[in-house]
Each structure stands twice: as structure tokens, then as C-alpha cells.
Amino acid sequence: GTAPDADVPERIVAALSSAFPYRVVGQILATELTIGFYALCSWRRRPHAPAGSQGFSFHRKTGLLALYWAVIGVCVVELFVVHLVVRAFSPRTAWILSAFSALGVIWLVGFVRAMVLRPVLVTASGIVVRSGVQWTLDVPFSAIQRLDAGRVTAPVRHAPACLRVGGA
């Protein structure tokens, strides 16, 4: 089972993990359903941070979301342009291509919404670094050598790895 305050992707993966003979099939389906959820059903939700954790996001400072929204805008324009061009030769093909393009736009919207609604978490035991539905990394405090606050600078070449947490 999952924790009562589990995130939507965690609940979907838990529900589908034993439903298929091959776990990877359940994971792929869970990812697609999660992205569909975020694209279509998440618009009034707040970022998920379980009880006892503090969430913070990196998307506001990086400009990454602006880039993704620009790509989504270009995809929408491309959808209409390709539809009009292909329709001159084959209306059926134009509608099929438009349907696939629309699904792609919906998928991208879900991908972006997941980045917003799944922040990095600081828990009692460590840091959970999440990037939407792409990946999650659990870092226990015992594995962190030091934390530096302030402006992030490039580490000295061949320096030991460290996790840098800082503001502007």
C-alpha cells in the first residue's frame, strides 16, 4: 500500500504495479495516466507536500516553465498549420495528424503541470528531489556532506561533489 498522504503518481504506481505481469508495463501506464491527470484534472490543486515536509520549487527561478510553455505554444500553432496544409491533400490524414498533435500538446501540458505540482521536499530524514514525473531522488541527510546558502557558483574542477542549496 501507499501512505495516506501519498502523491497522485505514487498512488497510481501503487495501484498498477501489481496489475501487470511485467512491472515496467504498469510503470509506463502509470506515467501516462499521471501526465493525463496533471494535464486535465490538476488546475485547482496546490503543490503536493506530505505532512511533516517542506516543499520548494526550482521552476520559478530557472525560467524552464517559460521555455516549456513556449514549446507548447509553437506546437499548437504547428497543429493548425499542418492540419491546413495536409487537408488540401487528404482530409482524413489531416485529422489523424491533428489528433496526434493534440495528444502531444496535452501530454506536454501534463508534463509541465507535474513539474509545478511536485516540488522538491525537505523531510525529517532527508531531501526528496523531484522533477515532475521524470525522476525522483531520495537523499538522506547522512549522505550530505555540507550545505551552502547563497548564490550558486560552479564547483572547482575535480572538487568533491556536494549538494548546493541557495537563493538568488
Side-chain angles (χ1 to χ4, degrees), residues 1-83 94-141 144 147 152 163-168:
T2 58
D5 61 351
D7 197 0
V8 170
E10 296 162 351
R11 288 185 279 171
I12 292 174
V13 167
L16 294 177
S17 63
S18 61
F20 295 93
Y22 298 104
R23 183 181 168 112
V24 71
V25 174
Q27 289 174 333
I28 290 169
L29 184 58
T31 299
E32 295 303 320
L33 289 173
T34 298
I35 289 175
F37 165 80
Y38 281 124
L40 303 173
C41 304
S42 69
W43 291 97
R44 292 186 184 241
R45 288 187 170 263
R46 301 178 133 239
H48 179 264
S53 68
Q54 175 72 36
F56 64 95
S57 70
F58 58 88
H59 72 273
R60 294 181 197 269
K61 298 254 182 193
T62 64
L64 189 58
L65 286 185
L67 176 66
Y68 281 129
W69 283 114
V71 168
I72 290 169
V74 168
C75 288
V76 169
V77 170
E78 177 262 349
L79 186 154
F80 289 109
V81 171
V82 168
H83 180 84
W95 283 110
I96 291 170
L97 288 174
S98 295
F100 280 116
S101 291
L103 284 174
V105 167
I106 290 169
W107 193 92
L108 284 170
V109 168
F111 184 82
V112 170
R113 292 290 299 152
M115 287 180 62
V116 171
L117 296 176
R118 298 194 77 219
V120 174
L121 301 172
V122 178
T123 66
S125 60
I127 300 173
V128 181
V129 184
R130 305 187 296 185
S131 179
V133 294
Q134 290 175 296
W135 51 267
T136 299
L137 176 65
D138 293 320
V139 182
F141 286 130
I144 299 173
L147 294 174
V152 175
L163 175 64
R164 294 183 172 269
V165 179

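Because the structure is a prediction, the values reported are computed rather than measured.
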Using atom types as modelled and distance alone, determine if a side-chain donor or acceptor of R45 lies under 3.5 Å from a backbone N or O of L117. no
Give me the atom names and distance for the closest heavy-atom approach of H83 to S98. ND1-OG, 2.7 Å
Tell me, do V116 and Y38 make a side-chain contact under 4.5 Å, heavy atoms counted? no
Is C75 close to V71 at the side-chain level, that is, under 4.5 Å between some pair of heavy atoms? yes
Rounded distance (nearest 0.5 Å) linking atom CD1 of I12 with atom OG1 of T34: 3.5 Å
Would you compute the distance between atom CG of L16 and atom CD1 of I28 and round it to the nearest 0.5 angstrom? 12.0 Å
For V120 versus V129, what's the shortest heavy-atom pair and its separation? CG1-CA, 4.2 Å
Please give me the minimum heavy-atom distance between S42 and R113, naming the atom from each residue. O-NH2, 2.7 Å
Looking at R130 and P119, would you say the former's side chain and the latter's main chain have a donor-acceptor pair under 3.5 Å? yes
Can you tell me how far apart CG (L103) and CG (L108) are? Round to the nearest 0.5 Å. 11.0 Å
What are the two closest heavy atoms between T31 and V133, and how far apart are they? CG2-CG2, 4.5 Å
For S53 and P50, which heavy atoms make the closest approach, and how far apart are they? OG-O, 2.6 Å
Any donor and acceptor pair, going by atom type alone, linking the side chain of H48 with main-chain N or O of R118 inside 3.5 Å? no
How about CZ on F20, more than 12 heavy atoms from neighbouring residues, nucleotides or ligands closer than 6.0 Å, or not? yes
CH2 (W69) with more than 12 external heavy atoms under 6.0 Å: yes
Considering residues, nucleotides and ligands other than E32, do more than 12 of their heavy atoms fall under 6.0 Å from its CD? yes
Is any side-chain heavy atom of F111 closer than 4.5 Å to a side-chain heavy atom of Q134? yes
Once rounded to the nearest 0.5 Å, what's the spacing between atom CD1 of I72 and atom CG of L67? 10.0 Å
Residues I127 and F141: closest non-hydrogen pair is CG1-CE2, 4.0 Å
Enter the distance from L97:CG to E78:CD here, rounded to the nearest 0.5 Å. 9.0 Å
